[in-house]
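Written below as structure tokens is the structure these notes are about.
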Amino acid sequence: MTSQATSRAAGTAAAERREQAVRAAVEQGLAGPDVPIVALLDTASIRAGAAALRAAFAAVTDAPVLHAFAVKACPLVPVLRLLLAEGLGAEVASPGELALARAAGIRPTATVLDSPAKTPAELREALALGIAVNADNPQELARLDALVSSAPSASPLGIRVNPQLGAGSIDALSTATATSKFGVALLDDGARDWVVGAYAERPWLTRLHTHSGSQGVALSLMARGVRAVYELAEEINAAVGRQQVDTIDIGGGLPVNFGSDEETPTYASYARLLKEEVPGLFDGRYGLVTEFGRSLLAKHGLVLARVEYAKSSGGRPIAVTHAGVQIAARTVYAPASWPLRIEAYDAKGRPKQGPPVAQDIAGPACFAGDLLAENRPLPLLEQGDYTGVLDTGAYYFAHHYSYNSLARPGIYGFTATADGVGFATVRDPQPIADLVEEAGGAHADALL
């Protein structure tokens with residue numbers, strides 16, 4: 001079976017598990033009149049995705065590969081713990097993300113710190129723990145100089161470079177543009193010579209890092225970024241007369257198909273493309289680090305939201321649900337870049353039947369633009385039905401936006417078999433008391 005056929009089959013199986021889980025969530029009371037929004041994660045699909053990633057790179061290199069999950073994509077401790085069990089580490093970009101990775105049990109040696117705004121305290125902690133650090137700029141490298149000279153560290157250290165290859169289709173996610181805020185701009189005057197000189201002066205710099213990909217970026221552009229960092233590593237090693245750079249961090253950013261259940265592009269196709277475009281990277285001389293995030297989780301999560309009211313305005317039906325900007329800010333504010341698939345379910349959690357009717361799917365927030373879909377053809381939704389907001393396992397329900405002080409939904413992992421569906425709590429629904437506390441409830445008289 002080809003990788004594409006395998007991907008289609010996996011998508012079909014995942015869709016069947018999803019339908020089973022939605023029905024069970026309603027039957028078991030995880031969703032209902034008093035719990036109008038809930039998020040679900042398919043643990044079998046997450047495990048399969050991690051296994052596919054490991055297998056894809058194992059097929060093209062015998063060198064060691066650390067697959068460091070980008071914690072920003074789904075900052076949930078049980079998810080990180082599951083990925084750890086599947087052989088993955090963590091890429092972190094803040095003290096909070098590092099704390100989550102440590103709470104999940106991820107070892108410092110399997111952790112990479114990549115924030116573009118690391119404080120001295122963050123750097124000291126990383127070096128004390130032995131966490132890998134990629135310096136973003138010359139000023140950060142100067143901080144590392146001082147720290148390394150004052151206290152030995154086992155941390156692998158490197159520099160992040162920007163190959164300045166251009167943008168993808170979503171400007172806000174394009175990290176390799178001429179003016180990107182990330183890394184050392186490799187094509188700027190004198191920058192390449194500065195990087196080579198920095199390594200020549202610091203034998204402890206042993207890694208190079210780049211991240212050219214993200215949603216909307218073509219695989220060919222991502223591969224060009226990897227080739228650029230490989231060629232720079234070769235230049236550095238030639239200049240110093242030995243293989244000082246022994247590990248290349250190629251980042252992540254594999255785009256996700258938000259149009260169907262098929263998981264494409266695959267890790268296998270990307271790994272094969274890299275092998276074709278940059279064969280020297282896979283000949284065993286370099287260890288590798290990857291930092292995939294969205295592609296590991298997006299298609300394995302959904303938000304189930306109850307239709308509180310069904311109405312019409314100007315002749316167009318509107319389903320008013322409990323899923324809107326608070327869980328899908330990207331889609332609400334940039335719908336052209338972040339369209340989401342929506343499935344219609346009846347009050348018992350079964351796929352809704354009936355001819356497609358163009359309708360709006362609205363969220364609960366008090367502004368007119370809180371829409372997850374406009375004029376979307378679906379079986380006509382009625383009060384008490386449910387919408388399933390698909391492909392939301394990354395950058396959606398774990399990235400709550402507190403508009404109108406809407407509470408965070410509960411998140412549950414599910415396993416679906418012929419014997420039924422089991423749920424495990426990933427994150428409890430947020431109590432209203434927590435909202436009051438976050439809003440300064442303990443300091444009510446502070447301004448009087």
Side-chain angles (χ1 to χ4, degrees), residues 1-15 42 44-70 73 83 86-88 91 163 165-170 173-176 210-231 248-284 286-300 341 390-391 393-395:
M1 185 180 291
T2 66
S3 61
Q4 188 174 13
T6 300
S7 176
R8 283 197 296 268
T12 299
D42 183 349
S45 288
I46 295 172
R47 289 182 184 276
L53 171 59
R54 295 197 319 272
F57 280 81
V60 296
T61 184
D62 294 326
V65 182
L66 168 63
H67 296 295
F69 173 69
L83 292 173
E86 294 301 315
L88 273 63
E91 184 263 345
L165 300 174
S169 62
I170 304 175
L173 295 190
S174 296
T175 59
T210 193
H211 176 85
S212 304
S214 199
Q215 193 67 22
V217 176
L219 296 191
S220 57
L221 190 64
M222 293 172 62
R224 285 174 55 201
V226 173
R227 184 169 66 240
V229 76
Y230 164 76
E231 291 172 349
I248 297 179
D249 186 333
I250 64 172
L254 193 72
V256 169
N257 165 33
F258 285 97
S260 73
D261 283 316
E262 184 178 355
E263 293 187 43
T264 181
T266 64
Y267 293 119
S269 62
Y270 181 49
R272 287 194 298 268
L273 174 63
L274 291 179
K275 178 81 170 183
E276 295 168 2
E277 296 292 323
V278 200
L281 183 61
F282 300 96
D283 64 10
Y286 292 100
L288 293 177
V289 178
T290 73
E291 300 173 355
F292 295 103
R294 178 183 293 106
S295 55
L296 277 162
L297 265 295
K299 299 198 73 63
H300 311 322
R341 294 186 294 149
L390 308 188
D391 304 330
Y395 294 105

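Fair warning: this is a prediction, and the values are worked out from it, not measured in the lab. In what follows, every heavy atom counts, from backbone to side chain, and hydrogens, waters and symmetry copies are set aside.
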Self-check item: Qualifying residues under side chain to side chain contact (heavy atoms under 4.5 Å, CB included), relative to A48, sequence neighbours excluded
Solution: none
Self-check item: Any residue meeting side chain to side chain contact (heavy atoms under 4.5 Å, CB included) with A228, in chain and number order, not counting sequence neighbours
Solution: P163
Exercise. Identify the two heavy atoms, one from G280 and one from D283, that lie closest to each other, and give their separation to 0.1 Å.
Key: O-OD1, 3.0 Å
Quiz prompt | Flag side-chain contact, heavy atom, 4.5 Å: L274 against L281 | solution = no
Self-check item: Modelled atom types, side-chain donor and acceptor of Y286 and T61, under 3.5 Å
Solution: no
Quiz item: To the nearest 0.5 Å, how far apart are CG in L66 and OG1 in T290?
Solution: 7.0 Å
Quiz prompt | Distance-minimising heavy-atom pair for A70 and E291 | solution = CB-O, 3.8 Å
Practice problem: Apply side chain to side chain contact (heavy atoms under 4.5 Å, CB included) to R224 and list each qualifying residue two or more places apart in sequence or on a separate chain. | Solution: L165, L221, R227
Quiz item: Between Y395 and V256, is any pair of side-chain heavy atoms under 4.5 Å apart?
Solution: no
Quiz item: Under the criterion side chain to side chain donor-acceptor pair (under 3.5 Å), which of K299, R294, H300 is the partner of D391?
Solution: K299
Self-check item: Contact summary for S220 and L273, nearest pair of heavy atoms
Solution: N-CD2, 4.3 Å
Quiz item: Going from CD1 on I250 to OH on Y270, what distance comes out if it is rounded to the nearest 0.5 angstrom?
Solution: 5.0 Å
Quiz item: Any salt bridge (charged side-chain N to carboxylate O under 4.0 Å, His left out) pairs touching residues 250-260, not counting sequence neighbours?
Solution: none
Exercise. Applying salt bridge (charged side-chain N to carboxylate O under 4.0 Å, His left out), name anything that partners D249, two or more places apart in sequence or on another chain.
Key: none
Quiz prompt | Over all atoms of both residues, closest heavy-atom pair of L219 and P255 | solution = CD2-CD, 3.9 Å
Quiz item: Which heavy atom of A50 sits nearest a heavy atom of L83, and at what distance?
Solution: CB-CD2, 4.4 Å
Practice problem: Verify, without hydrogens or angle tests, whether N257 (side chain) and E262 (backbone) share a donor-acceptor contact under 3.5 angstrom. | Solution: yes
Quiz item: Do the rings of F57 and F282 sit parallel, tilted or perpendicular, given the 30° and 60° boundaries?
Solution: tilted
Self-check item: Atom of A271, atom of V60 and distance for their closest heavy-atom approach
Solution: O-CG1, 3.9 Å
Quiz item: Is the closest side-chain heavy-atom distance between L296 and Y267 below 4.5 Å?
Solution: yes
Practice problem: Could you note down all residue pairs passing salt bridge (charged side-chain N to carboxylate O under 4.0 Å, His left out) where residues 48-70 supplies at least one of them, sequence neighbours left out? | Solution: R54-E86
